[in-house]
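Structure record follows, encoded as structure tokens.
Because the structure is predicted, anything quoted here is derived from the model rather than measured. Below, chains carry the letters A, B, ... as their sequence lines are ordered, and counting in each starts from 1.
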There are 2 protein chains.
Amino acid sequence: MSINKKIGKRILALRKIQNLSQEALAHRANVDRTYITGVETGKRNVTVRVLERIIHALESNFGTFFNDKVFLDEK
Amino acid sequence: MSINKKIGKRILALRKIQNLSQEALAHRANVDRTYITGVETGKRNVTVRVLERIIHALESNFGTFFNDKVFLDEK
DNA sequence: TTGTGACTAACAGTCCGTC
DNA sequence: TGACGGACTGTTAGTCACA
């Protein structure tokens with residue numbers, strides 16, 4: 001599984017926990033809604049600068065974001 | 001401190017621990033030598049795909065890479 | 001509410017060097 | 001050995017109409 005897909009899954013999971021729509025998250029992170037779609041579906045290869053905005057919008061941080069089994073599994 | 005500078009510092013630290021030159025790391029990660037310089041000095045905004053290669057070349061992973069005080073400090 | 005294809009400006013990333 | 005520069009190509013950021 002590509003890093004992009006892993007990140008997409010993680011973002012989706014965190015977004016669902018917070019009961020946010022893609023649009024609400026997009027607004028918080030100051031990116032376009034369709035951009036969030038692209039990231040969540042693993043189609044975008046994000047830069048750390050944008051990823052930082054999204055992670056903060058999810059009220060998380062890099063440490064906890066990547067401390068998830070999604071990033072440890074070999075799938 | 002920008003996310004790029006934090007990542008640069010972290011990569012430099014891990015590289016020093018392993019006693020690698022920038023060139024050796026670049027070779028392992030399959031990126032250009034001058035690119036490592038740019039990343040370590042915080043001038044480059046890396047994509048997660050390349051960051052993954054660099055982290056693996058440092059024999060680390062995203063979880064432990066970002067589990068560092070550099071990414072927690074507000075500096 | 002979410003996904004897709006297409007688009008341009010900006011920049012990621014390479015390769016050639018010099019200091 | 002590492003920082004830095006210019007020139008270059010490929011890819012991402014950011015947005016839109018549409019489904």
Would you classify B/S21 as touching base, sugar-phosphate or nothing, given that sugar-phosphate means primed atoms plus P, OP1 and OP2, and contacts are heavy atoms under 4.0 Å? sugar-phosphate
NA contact type, A/N45, heavy-atom cut-off 4.0 Å: base, sugar-phosphate, or nothing? sugar-phosphate
Under 3.5 Å, is there any donor-acceptor pair linking the side chain of B/R15 to the base of D/dG2? no
Where the side chain of A/T37 is defined as all heavy atoms beyond and including C-beta, which of D/dG2, D/dC4, C/dG3 is the nearest nucleotide? C/dG3
Does A/T34 make a side-chain donor-acceptor contact with the base of D/dC16, cut-off 3.5 Å? yes
Is there a donor and acceptor pair closer than 3.5 Å between the side chain of B/R33 and the base of D/dG2? no
Considering only heavy atoms and no angle criterion, is a donor-acceptor pair shorter than 3.5 Å present between the side chain of A/R44 and the base of C/dT4? no
Closest-nucleotide ordering on DNA chain D, the 5'-leading residue of A/N4 and B/E23: B/E23
Between the side-chain atoms of B/R49 and the base atoms of C/dG13, is any donor-acceptor pair under 3.5 Å? no
Taking the side chain of B/D32 as its heavy atoms from C-beta onward, which of C/dC15, C/dT2, D/dT12 lies nearest to it? C/dC15
Lys/Arg-Asp/Glu bridge criterion (N-O < 4.0 Å) met for A/E59, A/R28: yes
To the nearest Å, give me how far apart NZ (A/K43) and C1' (C/dG3) are. 7 Å
